[in-house]
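Beneath this line is the structure, given in structure tokens, with notes to follow.
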Amino acid sequence: MRTALFRSLAALLAAGGAALLPGAAVAAPTPSPGATPVTRAGTSFLTATPITAGQPVRVDASIGDHLYWSFPATAGQVHEISATVTFPKARGGASTWTVDVFDGLRRRQACTAGAQTPTVDGKASTVTLGCTLREVRPWAEPWSADPLPGTYVVRLSVTDLPEPDLGAPVDVDLLVGVLADRGTSADDGALAAPLVPNTKAGTVLNAVPTPDPEADDEGDSPADWLPDLGSRWIWTGIGGVLAAVAGVVGFALTRRPRRA
């Protein structure tokens, strides 16, 4: 009797745990079949190399480089970023690596799981990094930093290492996967447009601007040689007048009267 009761209770607890922890049954992201590998990385937010979920990345880099990639995200998705840095040879000491994720407004997003900033010994051959993001919301308050649909930027870099190790070669493998895609929820709001970084903020003027001859003629008036009367000139003039008055009063008080 007790054995049957314990078995029934264990079955109920197992069923309840499976219902409360749906993420435990989700497999780790894997490369998409037939996806074209990416063999380059950007060096800043503006030059981040675009990738998609499930597209493997493998690049040759140097210790000290800041590597950037960008990927799109829609509402309801939960992304996981995994990266592996391989060291072809031993290094002089321990080093600390970090993977950071930013949204379209360059707001740093928090990681809910994964080794975001691991420290590896100088004799280790690899270091593994990971970051599981929060679910992308369809809308959020302007003051919040909740993840919103748009373009996200991944940055891989080293934050602490011995100076002699700078420039040593490394191999970087990175993969962005979608752990869950719940679609658009029933939130009473929607983002007007995805948050996409502005990579075309302006144009560079290579040619020297030609001066306007009419503007030069108008600027040769005698009034242009006079200084602008600002508060600095006004207080300077007042100070000069007060100094002159104080000098005259002081001379009158200290001079000796003439004898007849």
Side-chain angles (χ1 to χ4, degrees), residues 14-42 45 47-59 67-85 98-118 128-156 172-199:
L20 293 175
L21 299 174
V26 179
T30 57
S32 301
T36 303
V38 176
T39 58
R40 67 180 187 277
F45 285 96
T47 61
T49 300
I51 59 176
T52 57
Q55 188 174 19
V57 176
R58 183 174 179 82
V59 297
L67 308 177
Y68 291 80
W69 298 273
S70 63
F71 65 93
T74 58
Q77 291 183 339
V78 178
H79 293 85
E80 180 184 16
I81 295 93
S82 60
T84 302
V85 181
T98 180
V99 56
D100 299 311
V101 185
F102 303 85
D103 65 0
L105 299 179
R106 296 189 184 180
R107 300 179 301 182
R108 186 175 180 272
Q109 295 297 314
C111 298
T112 60
Q116 185 182 7
T117 311
T128 302
L129 303 91
C131 176
T132 301
L133 299 176
R134 295 174 293 170
E135 180 180 347
V136 180
R137 294 188 55 191
W139 74 282
E141 293 79 4
W143 49 263
S144 70
D146 292 341
L148 294 172
T151 301
Y152 285 72
V153 177
V154 180
R155 181 179 66 190
L156 179 65
V172 177
D173 293 276
L174 183 134
L175 180 65
V176 177
V178 178
L179 293 182
D181 192 350
R182 301 180 177 88
T184 304
S185 62
D187 290 346
D188 55 347
L191 193 65
L195 300 179
V196 180
N198 185 9
T199 58

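Within the 4.5 Å cutoff, no side-chain heavy atoms of Thr49 are placed close to those of Val59. For the pair Leu129 and Ile81, the minimum side-chain heavy-atom distance is 4.5 Å or more. Side-chain contact between Thr74 and Val136: absent, with no pair of heavy atoms (C-beta onward) separated by less than 4.5 Å. Two residues are said to be in side-chain contact when any heavy atoms from C-beta on lie closer than 4.5 Å; Glu135 and Thr112 fail this criterion. Between Tyr152 and Val176 there is no side-chain heavy-atom pair separated by less than 4.5 Å.
Every residue meeting the salt bridge (charged side-chain N to carboxylate O under 4.0 Å, His left out) condition with Arg134, not counting sequence neighbours, appears here in chain and number order: Asp146. Residues passing the side-chain contact (heavy atoms from CB on, under 4.5 Å) test with Thr117 are Thr96, Thr98, sequence neighbours excluded. Applying the salt bridge (charged side-chain N to carboxylate O under 4.0 Å, His left out) criterion to Asp181, with sequence neighbours excluded, gives no partner residue.
The minimum heavy-atom distance between Gly54 and Pro56, with the atom names listed, is O-CD, 3.4 Å. Taking each heavy atom of Pro138 and Leu148 in turn, the nearest pair found is C-CD2, 4.4 Å. The two residues Leu133 and Ala110 come nearest to each other via the heavy atoms CD2-O, 3.8 Å. Between Thr151 and Ser70, the shortest heavy-atom contact is CG2-CB, 3.8 Å.
Atoms CD and CG, on Gln77 and Leu179 in that order, are 10.5 Å from each other to the nearest 0.5 Å. Between Glu80 atom CD and Cys111 atom SG the span is 10.0 Å, to the nearest 0.5 Å. Here the straight-line distance linking atom CG of Leu67 with atom CG of Leu174 works out to 9.0 Å at 0.5 Å rounding. The CG atom of Leu175 sits 13.5 Å away from the CZ atom of Arg58 when rounded to the nearest 0.5 Å.
When atom types are taken as modelled, the side chain of Ser32 and the backbone of Gln55 share no donor-acceptor pair closer than 3.5 angstrom. Between the side chain of Trp69 and the main chain of Thr52, no donor-acceptor pair closer than 3.5 Å is present. Remark: the backbone N or O of Val99 is paired with a side-chain donor or acceptor of Gln116 at under 3.5 angstrom. Formation of a donor-acceptor pair under 3.5 Å by the Thr47 side chain with backbone atoms of Gly42 is not found in this model.
Ring orientation note: the planes of Phe45 and Phe102 are nearly perpendicular, at an angle over 60° on the 30°/60° scale.
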